[in-house]
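What follows is a short report on a single structure.
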Amino acid sequence: MAEINREDVVHLARLAHIDMGDAELDRMAGELAVIVDAVKAVSAVAGDDVPATSHPIPLSNVFREDVVGHTLTAEQALSGAPDSEDGRFKVPAILDEE
Amino acid sequence: MSDQILSFDEAMEKYDPVLGFEVHVELNTRTKMFSSAPNVFGDEPNTNVNEVDLGLPGVLPVVNKTAVESSIKIGLALGCKIADKSHFARKNYFYPDTPKNFQTSQYDEPIAYDGSIDIELEDGTVFTVAIERAHMEEDAGKLTHMGGATGRIQGAEFSLVDYNRAGVPLVEIVTKPIEGAGRRAPELAKAYVAAIREIVKNLGVSDARMERGNVRCDANVSLRPHGQERFGIRSETKNVNSLRAVEHAVRYEIQRHAAVLDSGEPVVQETRHWHEDTRSTTAGRPKSDADDYRYFPEPDLVPVVASREWVEELRAQLPEPPAERRKRLKEAWGYSDLEFRDVVNAGVLDEIEETIAAGTTAAVARKWWMGEIARRAKLAEVDPADLGVSPQTIVDLNRLIESGKINDKLAREVLDGVLAGEGTPAEVVDKRGLAVVSDDGALLEAIDAALAAQPDVADKIRGGKVQAIGAIVGGVMKATKGQADAGRVRELILERLGV
């Protein structure tokens with residue numbers, strides 16, 4: 001069984017900005033562990049000799065012509081943001097490289 | 001805060017520098033790499049975005065064909081092999097400059113790899129720089145740090161994000177380690193970035209304006225004692241955004257590394273930030289070769305397959321490489337090394353070529369572009385090419401001079417008129433009445449007046465002191481507002497005085 005505990009789910013929920021109740025957190029911890037285990041089953045058949053597959057259908061060169069299409073207005077773009085200022089997304093200062 | 005540095009000479013005596021560059025080139029496609037939002041610099045924040053650029057749920061990116069073709073052209077111009085099949089990958093990281101929490105890039109199968117370019121330094125020395133790869137990716141949004149005293153991230157209270165730049169097509173060009181540059185390393189760094197900028201500009205795939213961030217350089221520097229094979233530990237100075245800064249940053253890092261090594265301490269593998277004001281770098285974040293970006297193949301995009309036919313079709317579209325073109329033009333025009341270098345540095349190669357094509361000699365074209373036009377450009381603080389002087393204007397001006405209709409001084413005035421929108425040179429001459437006065441009658445009238453005004457000078461000339469004639473010629477030129485042919489005036493004065 002994969003190690004997904006309740007604290008992991010709390011952390012993920014916070015990162016994803018999803019508000020979850022106690023009952024949901026308990027249930028999700030169990031469900032995520034099962035899902036991770038299910039995905040793990042792939043490694044039983046896919047060894048190092050199997051190349052990573054990005055796409056299940058053998059397609060290539062799906063292109064778009066370089067023609068301008070639709071855009072959002074700044075107002076629309078910002079409509080889902082928790083905070084904004086001067087037409088821009090407002091985010092907490094994050095200490096990292098410039 | 002400030003690091004110890006050795007003098008450059010001392011650093012060079014003790015150590016051998018190894019360089020490496022990652023240059024990001026923004027492509028000038030109309031739209032973004034994976035969305036049809038416009039790729040335009042300087043618009044109002046968050047107006048050139050759509051759902052794809054904002055990474056909203058359920059969106060599907062689609063690759064811009066022109067961006068792929070531009071990338072292949074860059075690969076070809078760098079002498080690279082073009083991958084038969086390449087694919088995109090997600091480079092995962094968490095920072096607000098990408099709303100998706102990953103950058104779509106290429107990882108183990110870049111579009112172009114294994115190239116090389118010859119870099120010519122100012123004195124003609126040539127270094128060959130091996131290119132590891134050139135891969136396609138997308139640019140990130142622009143963060144502005146607010147609050148705090150310095151406007152820098154340290155002490156900032158919050159940041160404002162504009163995603164107009166997010167998704168703009170980028171090609172990242174990565175060199176193999178560059179050894180053997182020795183004390184020419186800073187100069188080579190500058191010349192390398194200049195060459196990349198010139199190549200992508202010549203290909204027409206990027207506006208290549210460094211001040212706008214179209215070409216950005218990360219410079220890797222490490223030192224090792226002379227004779228040592230193994231590379232030293234490197235630093236990576238990020239986003240050095242002018243040619244001069246690239247040269248200075250490499251030079252500074254060499255001096256700083258040398259001081260660290262001399263102290264017996266190991267160099268820290270880290271990113272560095274370049275500061276133009278102090279011409280020094282400061283530590284950024286530690287960086288390991290195993291930075292965990294958890295790359296994986298992008299499931300929303302299918303591979304790019306570059307058929308031989310497609311690549312050859314693009315190769316056939318490549319313009320003449322800049323270095324070859326310079327060599328050809330220098331020979332054709334017959335300029336000296338110095339004259340040609342000045343022309344290149346003034347950035348008027350295209351203009352001179354067009355002017356010659358429009359119908360002047362190489363000497364005349366150079367006289368105008370390096371003379372009067374360069375002078376005006378300097379005054380106006382713009383590039384000569386941006387003054388709006390067309391090659392045809394120069395051809396017309398030159399014809400008017402050669403036919404004796406105007407002289408050099410008047411030609412400058414005619415150019416004023418052309419630039420003021422008064423028409424072609426011939427029209428300006430007519431409208432402003434600028435033609436050289438060649439009607440002897442009008443000239444003689446002015447000469448008689450000048451002689452009458454300065455009878456003593458007239459006597460001197462009659463007495464054989466011909467060199468005194470300048471005063472009379474000057475008087476006539478003044479009376480005709482410079483529109484007389486001074487040579488003819490002189491002849492007529494001597495005739496008049498019977499000398």
Side-chain angles (χ1 to χ4, degrees), chain A residues 8 10-19 35-36 39-40 42-43 46-98, chain B residues 29-31 34-38 44-51 53-54 56 62-68 85 87-89 94-96 99 141 143-148 152-163 238-239 271 273 284-285 296-306:
Chain A
D8 291 331
V10 170
H11 182 62
L12 288 171
R14 196 179 66 82
L15 288 179
H17 293 279
I18 298 173
D19 197 10
I35 292 168
V36 169
V39 173
K40 237 188 200 169
V42 173
S43 61
D48 289 344
D49 55 333
V50 178
T53 303
S54 63
H55 207 271
I57 306 166
L59 275 176
S60 62
N61 292 1
V62 176
F63 295 135
R64 171 176 57 77
E65 293 300 320
D66 189 22
V67 177
V68 175
H70 100 109
T71 52
L72 300 172
T73 63
E75 201 179 22
Q76 288 170 326
L78 295 165
S79 61
D83 202 359
S84 65
E85 190 173 304
D86 291 339
R88 289 174 288 178
F89 293 81
K90 188 173 177 180
V91 299
I94 292 172
L95 197 63
D96 196 352
E97 63 182 316
E98 280 166 69
Chain B
T29 48
R30 290 188 197 91
T31 66
F34 305 111
S35 97
S36 60
E44 286 296 310
N46 294 305
T47 55
N48 294 331
V49 295
N50 66 24
E51 296 83 350
D53 308 306
L54 295 179
L56 297 184
V62 187
V63 175
N64 181 337
K65 187 179 183 189
T66 303
V68 174
K85 186 176 177 184
H87 69 246
F88 291 96
F94 296 87
Y95 197 61
L143 261 62
T144 309
H145 304 299
M146 309 296 286
R152 310 196 77 89
I153 180 108
Q154 289 82 6
E157 287 153 22
F158 58 93
S159 304
L160 296 178
V161 196
D162 169 13
Y163 288 120
K238 305 285 286 182
N239 286 330
T271 61
H273 300 304
R285 68 186 169 89
F296 64 85
E298 164 60 84
D300 288 341
L301 294 167
V302 298
V304 174
V305 173

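Chain A is the first sequence line, chain B the second, and so forth, proteins listed ahead of strands; every chain is numbered from 1. Just the heavy atoms: all of them, side chains too, but no hydrogens, waters or symmetry mates, feed the values below.
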Next on the checklist: Could you measure the distance from the CG atom of A:N61 to the NZ atom of B:K85? Nearest 0.5 Å is fine.
Outcome noted: 10.5 Å

Highest number of heavy-atom pairs under 4.5 Å with chain A: which of [options]?
options               : answer
B:D300, B:V305, B:T47 : B:V305
B:P99, B:P96, B:A37   : B:P96
B:V304, B:V49, B:N46  : B:N46

Where on [X] is there a heavy atom nearer than 4.5 Å to chain A: the side chain, the backbone, both, or neither?
X     : answer
B:F34 : backbone
B:E51 : both
B:L54 : side chain

Side chain to side chain, [X] and [Y], heavy atoms closer than 4.5 Å:
X      : Y      : result
B:L160 : A:K90  : yes
B:V63  : B:F88  : yes
B:M146 : B:E157 : no

Next on the checklist: Here's a test for you: under side-chain hydrogen bond (donor to acceptor under 3.5 Å, both in side chains), which of B:N64, B:N50, B:T66, B:N48 qualifies with B:T31?
Outcome noted: B:N64

Checklist outcome for this item: So, the part of A:V67 with a heavy atom under 4.5 Å from chain B: the answer is backbone

Checklist entry - Can you tell which of A:T71, A:L72, A:D66 has the highest number of heavy-atom pairs within less than 4.5 Å of chain B? => result A:D66

Checklist entry - After noting the C-alpha distance and the side-chain angles of A:R64 and B:S36, does the key distance pass the side-chain hydrogen bond (donor to acceptor under 3.5 Å, both in side chains) rule? => result CA-CA 8 Å; A:R64 171 176 57 77; B:S36 60; 5.2 Å; no

